[in-house]
Amino acid sequence: MSVTIAVAVFIISYIFIMSEKINRALVALAGGVLLLLTGVYGWEDAVTSYIDWHTVALLFAMMVLVAITKKTGVFTYIAIWLAKVVKGKPIPLMVGIGFLTAVGSALLDNVTTVLLFVPVILTLTNLLQLPSLPYLITIILTANIGGTATLIGDPPNIMIGQAVPHLTFISFLQHTAPIAALLFVLVMIILSFLFHKQLKNIDENRIQELMNMKESSYLIKSPLLYQSLSILTLTIIGFLLHPVFHIDLTIIALSGAILLLIISEKEVEADTVFQQVEWVTLFFFIGLFMLVGGLEEVGVIDELARSIMWLTEGDMTYTALLLLWVSGIFSGIVDNIPFVAAMIPVIKEFETYGMANLDPLWWSLALGACLGGNGTLIGASANVVVAGLADAQNKPIAFLKFMLYGIPVVILSLVIATIYIYFRYLIPFQQPL
């Protein structure tokens, strides 16, 4: 009965989220509470096991940092500077913001990066009277592709890196960065072609007005500017040094947010900052973790993971490729974090079957989970954050419309990843379990 309830609640909630008739945070939370009422799991299990408070706290901390920094006008400054560099041309601007997002997602993490760049691009599109959707979609897709490149770029990579000590920061650069770079180029070519007509017409007067603007005049040169930029920079440096000092990313982000709140209290009251936090996005994450937690509790995710191995009958090639595609598809339906958490212990069990090298499976899981997140608006943390920020600015991204772009990109990504994994890993390591 618990299995039926958990699956039914998840499917019904997912349908309502897709329909966008009711606030998605309310739907996800209602589904989570229903699982509590029906006894699928208890409140303690939800709080301690299924809700990923690290992710929620990290998002909250970065939202606080961005909310305070935004008051200095620095995002407007960046927006105008970037637009002037490309001379206001829509397609080069899209490519430029895509490149910055991909690089930022690789060096920091994709959630932090979209929190920084979405306000920039919304300011910019309003200034140039351009449609925001092409740029928001570009940010989502390139954030997940860029996050694939490094150990700290996407939560699934962090989890895999922590579980497998020999897969270091350098290892990810060597193994996942090359395919991420290739996919970035291909996706930007495709998006430039798809959005060419929408971004073709632009008011030349707006461009001229832009080129005459002095971006420095938009900076509010007060102590808050230097305080926020200094602490934001220190937080970013802390993220970069994570592989060296192994301080949790959430602790780094929270430390930066609290420190900035304390030293900027005279210029910006904490109450005002908290009002600008995207609470809808945070509560949606909480509800989503509860929904997926129901599937974990009744063993659905675990059974799916083990079914992969049963279907392949222990063949390395079939196991790796099926793992790639199932993790890619499944990560588009639910957040990729719980799926990776379920798969890590299953893959580790293969050592007991005499498998000397599990690396092809680890890279298949990493690529499938990260790239599959582009499938839907709830496929990855970065997607949810972008959607929440866009909603707050009255620039909503329709769930089904995003899928029209996301799903083809995921299929293309998985096809290329299949070729990459087969020729780089499976041919050298073809052997039975």
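From a predicted model like this one, the values you see are computed outputs, not experimental measurements.
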Seminar exercise, completed: From the list Leu122, Leu389, Ile121, side-chain contact (heavy atoms from CB on, under 4.5 Å) partner of Lys395 resolves to Leu122
Exercise. Donor-acceptor pair, Lys348 side chain versus Ala163 backbone, under 3.5 Å?
Worked result: yes
Exercise. Can you find a heavy atom in the side chain of Ile97 that is under 4.5 Å from one in the side chain of Leu82?
Worked result: yes
Problem set entry | Side-chain (Asn110) to main-chain (Gly146) donor-acceptor, under 3.5 angstrom | no
For this session: Return the set of residues passing side chain to side chain contact (heavy atoms under 4.5 Å, CB included) with Pro92 (not counting sequence neighbours), or none when no residue passes.
Result: Val86, Lys89
Exercise. Quick one: does Ser331's side chain have a donor or acceptor within less than 3.5 Å of a partner on Gly373's backbone?
Worked result: no
Problem set entry | Worked check of side-chain hydrogen bond (donor to acceptor under 3.5 Å, both in side chains) between His166 and Asp359 | CA-CA 10 Å; His166 73 272; Asp359 285 3; 2.9 Å; yes
Seminar exercise, completed: Rounding to 0.5 Å, atoms CD1 (Ile258) and CD1 (Ile231) come to a distance of 11.5 Å
Exercise. Any side-chain heavy atom of Thr176 within less than 4.5 Å of one from Leu151?
Worked result: no
Exercise. Counting distance only, does the side-chain N/O of Tyr135 pair as donor-acceptor with the main-chain N or O of Pro90 below 3.5 Å?
Worked result: yes
For this session: Would you sort out whether Leu400 and Leu404 count as a side-chain contact (heavy atoms from CB on, under 4.5 Å), showing the intermediate values?
Result: CA-CA 7 Å; Leu400 294 177; Leu404 294 177; over 6 Å; no
Which donor-acceptor pairs under 3.5 Å do the side chains of residues 113-120 make with protein atoms, sequence neighbours left out?
| unit_1 | atom_1 | unit_2 | atom_2 | d |
| --- | --- | --- | --- | --- |
| Thr113 | OG1 | Gly104 | O | 3.0 |
| Thr113 | OG1 | Ser105 | N | 3.2 |
| Thr113 | OG1 | Asp109 | O | 2.9 |

Problem set entry | Separation of Thr418 OG1 from Leu321 CG (nearest 0.5 Å) | 5.5 Å
For this session: Evaluate the side-chain proximity of Leu93 to Leu199: yes if any heavy-atom separation is below 4.5 Å, no if none is.
Result: no
For this session: Identify, with sequence neighbours excluded, every residue that meets side chain to side chain contact (heavy atoms under 4.5 Å, CB included) alongside Val340.
Result: Pro156, Met159, Ile160, Ile344, Leu365, Ala369
For this session: Starting at OG1 of Thr376, measure out to CD1 of Ile407 and round the result to the nearest 0.5 Å.
Result: 8.0 Å
Problem set entry | side chain to side chain donor-acceptor pair (under 3.5 Å) contacts touching residues 250-263 (sequence neighbours left out) | Asp248-Thr250
Problem set entry | Set of residues satisfying side chain to side chain donor-acceptor pair (under 3.5 Å) with respect to Ser264, sequence neighbours excluded | none
Exercise. Considering all heavy atoms of both residues, which atom of Thr235 and which atom of Gly256 are nearest to each other, and what is their separation?
Worked result: OG1-CA, 3.8 Å
Exercise. Hey, what do you get for OG1 (Thr38) to CG (Leu36), rounding to the nearest 0.5 Å?
Worked result: 8.0 Å
Exercise. Do Val66 and Thr69 touch side chain to side chain, with heavy atoms closer than 4.5 Å?
Worked result: no
Problem set entry | side-chain contact (heavy atoms from CB on, under 4.5 Å) assessment of Phe60 paired with Trp53 | CA-CA 10 Å; Phe60 170 77; Trp53 294 110; over 6 Å; no
Problem set entry | From CA spacing to verdict: ring pair (Phe, Tyr, Trp, His ring centres under 6.0 Å), Trp362, Tyr425 | CA-CA 11 Å; Trp362 292 122; Tyr425 307 114; over 10 Å; no
Exercise. Who are the side chain to side chain contact (heavy atoms under 4.5 Å, CB included) partners of Ile179, not counting sequence neighbours?
Worked result: Leu183, Leu367, Ile416, Ala417, Tyr420
Seminar exercise, completed: Taken to the nearest 0.5 Å, the spacing of Phe99 CZ from Thr138 OG1 works out to 15.0 Å
For this session: May I have the step-by-step check of side-chain contact (heavy atoms from CB on, under 4.5 Å) for Val27 and Asn23, ending in yes or no?
Result: CA-CA 6 Å; Val27 173; Asn23 183 285; over 6 Å; no
Exercise. Can you list every side chain to side chain donor-acceptor pair (under 3.5 Å) pair that touches residues 273-299, not counting sequence neighbours?
Worked result: Tyr50-Glu297
Exercise. Do Val268 and Leu261 come within less than 4.5 Å of each other through their side chains, counting heavy atoms only?
Worked result: no
Exercise. Can any side-chain N or O of Ser49 pair as donor or acceptor with the backbone N or O of Ala46 at less than 3.5 Å?
Worked result: no
Exercise. Taking only residues two or more places apart in sequence, or in another chain, which ones meet Asn157 in a side chain to side chain donor-acceptor pair (under 3.5 Å)?
Worked result: none
For this session: Would you check if the side chain of Thr150 reaches a backbone N or O of Ala106 as a donor-acceptor pair within less than 3.5 Å?
Result: yes
Problem set entry | With Phe402 via ring pair (Phe, Tyr, Trp, His ring centres under 6.0 Å) - residues at least two apart | none
For this session: Applying side-chain contact (heavy atoms from CB on, under 4.5 Å), run through Ile170 and Leu173 and close with a yes or a no.
Result: CA-CA 5 Å; Ile170 300 300; Leu173 281 177; 4.3 Å; yes
Exercise. Could you give the distance from OG1 (Thr319) to CD1 (Ile347), rounded to the nearest 0.5 Å?
Worked result: 10.0 Å
Exercise. With side chains defined as the heavy atoms from C-beta onward, is the minimum distance between Ile397 and Leu377 less than 4.5 Å?
Worked result: yes
Exercise. Looking at residues at least two apart in the chain, or sitting in another chain, which of them share a ring pair (Phe, Tyr, Trp, His ring centres under 6.0 Å) with Phe283?
Worked result: none
Problem set entry | Heavy-atom side-chain contact between Phe10 and Val300 under 4.5 Å | no
Problem set entry | Residue list, side chain to side chain donor-acceptor pair (under 3.5 Å) with Gln393, at least two apart or on another chain | none
Exercise. Heavy-atom distance under 4.5 Å between the side chains of Asn374 and Tyr405, does that happen here?
Worked result: no
For this session: List for me each residue that meets side chain to side chain contact (heavy atoms under 4.5 Å, CB included) alongside Pro408, sequence neighbours excluded, and say none if there are none.
Result: none
Problem set entry | Donor-acceptor contact below 3.5 Å, side chain Thr148 vs main chain Asn144 | yes
